[in-house]
Amino acid sequence: MDPGTGMARIGEGEDVVCVSGVSGHIDLSRDSGDLLRRALPELVRVRADAAEGPVLRWLVGQLAGEMTAGRAGALFAADQLAQLILVQVLRVCLTEADGLPPGWLRALADERLAPALRLMHGDPAHPWTLEELAHAAAMSRTTFAVRFKEAAGEPPLTYLLNWRMTLAARALRQDATPVATLARSVGYTSESAFSNAFKRTVGVAPRRYRDTVRS
């Protein structure tokens with residue numbers, strides 16, 4: 001890679017290909033970041049003939065332009081473009097789900113499991129049962145449970161618990177909603193039951209978690 005031009009040469013003679021590299025990062029340290037990190041492969045290859053290919057080429061070109069032109073609002077524009085690039089890459093992952101590690105993304109790519117995931121994500125306060133989720137997926141409870149664990153890497157109700165705790169942790173970081181109210185919003189009828197579940201999952205009680213992340 002030539003540090004001056006950002007270009008690299010691959011091959012020799014007439015079979016030389018010039019490529020350029022664009023690097024960056026997206027912070028997944030908050031909210032559902034861990035959920036996404038565990039669901040992604042270490043490397044995603046986007047083929048030129050993929051449906052997302054032309055869009056990604058345009059987005060990367062725009063991103064490079066924003067970072068080199070030095071125009072007003074360049075950093076803000078680059079942040080938005082980076083997020084759009086991530087969306088396109090995730091779409092590629094969904095079309096090639098067989099290569100994904102077990103996790104949320106692989107489960108979402110399974111058309112039979114997707115209805116159950118949408119229920120859990122759309123209404124986390126509902127006391128979902130395995131039977132209800134299996135019915136949404138048009139499967140028996142046993143078949144659904146086995147297929148879900150193979151795709152997501154954990155049983156359906158464990159996934160639901162972790163999703164609820166992810167939402168709760170985000171709320172504790174972002175606002176001052178009373179813990180009792182927050183407990184009801186993620187499906188717990190008592191603050192103590194929620195606090196115990198949160199501590200088992202996250203490692204600290206909700207109030208201590210809020211105090212720590214805000215200090």
Side-chain angles (χ1 to χ4, degrees), residues 23-42 44 59 63 66-67 73-91 93-94 100-109 113-114 116-129 133 148-149 151-215:
S23 63
H25 80 280
I26 293 178
D27 186 0
L28 297 177
S29 62
R30 292 182 176 272
D31 300 333
S32 55
D34 190 55
L35 189 68
L36 181 56
R37 276 193 302 273
R38 289 186 285 109
L40 287 172
E42 293 185 2
V44 180
L59 288 170
L63 178 60
E66 290 291 346
M67 297 308 295
L75 290 178
F76 176 80
D79 285 346
Q80 309 312 307
L81 289 165
Q83 292 182 50
L84 290 172
I85 289 172
L86 176 62
V87 169
Q88 294 300 319
V89 171
L90 292 177
R91 287 174 174 172
C93 290
L94 288 173
L100 293 174
W104 158 72
L105 206 57
R106 183 170 165 183
L108 185 63
L113 297 176
L117 278 170
R118 285 194 290 268
L119 289 179
M120 288 188 278
H121 284 210
D123 189 3
H126 183 83
W128 296 110
T129 65
L133 297 172
F148 192 100
K149 186 174 182 179
E154 56 191 1
L157 297 185
T158 301
Y159 177 92
L160 176 60
L161 168 66
N162 290 332
W163 175 240
R164 286 169 168 168
M165 296 305 108
T166 295
L167 295 177
R170 179 170 61 187
L172 289 167
R173 287 193 300 269
Q174 294 181 348
D175 58 53
T177 302
V179 173
T181 302
L182 179 56
R184 290 191 295 272
S185 74
V186 291
Y188 289 84
T189 56
S190 74
E191 181 179 336
S192 61
F194 164 70
S195 295
N196 289 335
F198 190 91
K199 186 173 183 178
R200 284 196 305 270
T201 305
V202 180
V204 294
R207 296 181 192 279
R208 174 66 61 84
Y209 179 85
R210 172 177 274 162
D211 293 341
T212 300
V213 298
R214 292 190 171 193
S215 62

>> Would you compute the distance between atom CZ of Arg173 and atom CZ of Arg210 and round it to the nearest 0.5 angstrom?
In response: 11.5 Å
> At their closest point, which heavy atom of Ser190 faces which heavy atom of Ala183, and how far apart are they?
Replying inline: O-CB, 4.1 Å
>> When you measure from the side chain of Ser195 to the backbone of Ser192, do you find a donor-acceptor pair of N or O atoms at a distance under 3.5 Å?
In response: no
>> Using the rule given for side chain to side chain contact (heavy atoms under 4.5 Å, CB included), can you reason through Trp163 versus Val186, listing the C-alpha separation, both sets of side-chain angles and the distance that settles it, and then say yes or no?
In response: CA-CA 9 Å; Trp163 175 240; Val186 291; over 6 Å; no
> Can you tell me how far the CG atom of Leu117 sits from the CZ atom of Phe148, to the nearest 0.5 Å?
Replying inline: 4.5 Å
>> Just verifying a value: how many Å separate Leu63 CG and Asp79 CG, rounded to the nearest 0.5 Å?
In response: 9.5 Å
>> For a 4.5 angstrom cut-off between non-hydrogen side-chain atoms, does Asn196 reach Arg200?
In response: yes
> Taking all atoms of both residues into account, what is the closest heavy-atom pair of Leu81 and Leu59, and its distance?
Replying inline: CD2-CD2, 3.7 Å
> side chain to side chain contact (heavy atoms under 4.5 Å, CB included) between Val179 and Phe198: does it pass, once the steps are laid out?
Replying inline: CA-CA 11 Å; Val179 173; Phe198 190 91; over 6 Å; no
> Which heavy atom of Leu133 sits nearest a heavy atom of Pro156, and at what distance?
Replying inline: CD1-CB, 4.4 Å
> Any idea which heavy atoms bring Ser185 and Ala125 closest together, and the distance?
Replying inline: O-CB, 3.4 Å
> Considering all heavy atoms of both residues, which atom of Pro124 and which atom of Leu167 are nearest to each other, and what is their separation?
Replying inline: CG-CD1, 3.6 Å
> Quick one: does Trp104's side chain have a donor or acceptor within less than 3.5 Å of a partner on Tyr159's backbone?
Replying inline: no
> Mind checking whether Gln83 and Val87 have side chains closer than 4.5 Å, heavy atoms only?
Replying inline: no
>> What's the separation between atom CG in Leu75 and atom CD in Gln80, rounded to the nearest 0.5 Å?
In response: 11.5 Å
> Would you say the side chain of Leu161 lies within less than 4.5 Å of the side chain of Thr201, judging by non-hydrogen atoms?
Replying inline: yes
> How far apart are the closest heavy atoms of His126 and Arg164, and which atoms are they?
Replying inline: O-NH2, 2.7 Å
>> Rounded to the nearest 0.5 Å, what separates atom CG in Asp175 from atom CG in Leu182?
In response: 7.5 Å
>> Using 0.5 Å steps for rounding, measure from the CG atom of Leu113 to the CE atom of Met120.
In response: 8.5 Å
